Amino acid sequence: GGSPAAAAAGSAEALAGARPAMVASVVGNILEWFDFGIFAFLSPQIGVLFFPAGDRFVSTLNAYVVFGGGFIFRPLGGVLLAHIGDVYGRKAALLVSVSGMAGATAAMGCLPTYEDIGPLAPVLLCVLRLIQGLSVGGELVGSIVFAVESMPPERQVLGGAICMAGAIAGLTLGA
């Protein structure tokens with residue numbers, strides 16, 4: 001067996017090597033869940049801009065239905081991105097997830113309102129929201145697995161907890 005000093009040095013090297021994976025996972029979770037939180041909190045305004053029903057309650061309800069659609073697509077995203085992770089690696093799956101979320105979010109920020117393009121606006125909003133749901137569905141679990149697999153065995157539980165805390169931090173920042 002090796003000396004305790006050699007084991008500690010090896011563990012420190014493993015932890016330092018895992019740091020980039022952990023930072024990427026936490027930052028990805030914060031950004032993706034921040035966006036989910038923002039959509040939820042801004043649904044009354046989104047409803048008025050994309051679903052002008054003449055009744056603010058109905059407009060807001062429509063926006064929450066779109067918000068819920070993102071959650072409905074999360075399991076499908078989990079299956080799809082888990083497959084990508086198994087075949088091409090966790091890093092590739094996270095890249096697809098983060099790119100999908102970033103692209104959909106950027107497109108949503110540029111989306112014209114109902115007043116500008118009519119019924120196409122809520123359709124595009126729905127499609128982009130479903131892409132976000134697919135992306136988040138694979139990102140949370142995928143990032144946790146990626147970070148945990150990168151950590152030394154004695155730090156894996158802590159790594160998973162820190163990733164989950166990133167998701168909660170993103171929702172909190174969105175609030």
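Keep in mind it's a predicted model, so treat the numbers as computed, not measured.
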Engineer: Do Ser150 and Met22 touch side chain to side chain, with heavy atoms closer than 4.5 Å?
Structural biologist: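 With C-beta onward as the side chain, the pair stays apart.
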
Engineer: Would you find a donor on one side and an acceptor on the other, under 3.5 Å apart, between the side chain of Ser135 and the backbone of Val98?
Structural biologist: no

Engineer: Tell me whether Ile168 shares a hydrophobic cluster with Val157, the cluster being built from Ile, Leu, Val, Met, Phe, Trp, Tyr side chains joined at under 4.5 Å.
Structural biologist: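 Each belongs to a different hydrophobic cluster.
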
Engineer: Under a single-linkage rule joining Ile, Leu, Val, Met, Phe, Trp and Tyr whose side-chain heavy atoms are separated by less than 4.5 Å, which residues share a cluster with Val96?
Structural biologist: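 The other cluster members (ILVMFWY side chains, heavy atoms under 4.5 Å, direct or chained) are Leu80, Leu81, Ile84, Val87, Tyr88.
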
Engineer: Do Phe73 and Met108 sit in the same hydrophobic cluster, where Ile, Leu, Val, Met, Phe, Trp and Tyr count as joined when their side-chain heavy atoms come under 4.5 Å apart?
Structural biologist: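 No, separate clusters.
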
Engineer: Should Ile144 and Leu31 be counted in the same cluster of Ile, Leu, Val, Met, Phe, Trp and Tyr side chains packed under 4.5 Å apart?
Structural biologist: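 Each belongs to a different hydrophobic cluster.
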
Engineer: Rounded to the nearest 0.5 Å, how far does CZ of Phe71 lie from CG of Leu130?
Structural biologist: 12.5 Å

Engineer: Is there a path of hydrophobic side-chain contacts, each under 4.5 Å between heavy atoms, that joins Phe36 and Ile38?
Structural biologist: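 Linked, Phe36 and Ile38 end up in one cluster.
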
Engineer: Hey, any chance Met151 and Leu158 share a hydrophobic cluster, counting ILVMFWY side chains that come within less than 4.5 Å of each other, even indirectly?
Structural biologist: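 Same hydrophobic cluster.
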
Engineer: For residues 114-128, run the donor-acceptor check on the side chains, cut-off 3.5 Å, and write out each pair with its distance to 0.1 Å, sequence neighbours left out.
Structural biologist:
residue : atom : partner : partner atom : Å
Asp116  : OD2  : Thr113  : N            : 3.3
Asp116  : OD2  : Thr113  : OG1          : 3.3

Engineer: Could you walk me through whether Phe51 and Val66 pass the side chain to side chain contact (heavy atoms under 4.5 Å, CB included) test, one step at a time?
Structural biologist: CA-CA 11 Å; Phe51 302 99; Val66 173; 3.5 Å; yes

Engineer: Report yes if some heavy atom in the side chain of Phe50 is under 4.5 Å from a heavy atom in the side chain of Leu111; otherwise report no.
Structural biologist: yes

Engineer: How many angstroms lie between atom CD of Gln132 and atom CG of Leu134, to the nearest 0.5 angstrom?
Structural biologist: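 So the CD of Gln132 and the CG of Leu134 are separated by 10.5 Å.
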
Engineer: Under the rule for ring pair (Phe, Tyr, Trp, His ring centres under 6.0 Å), what residues qualify as partners of Tyr64, not counting sequence neighbours?
Structural biologist: none

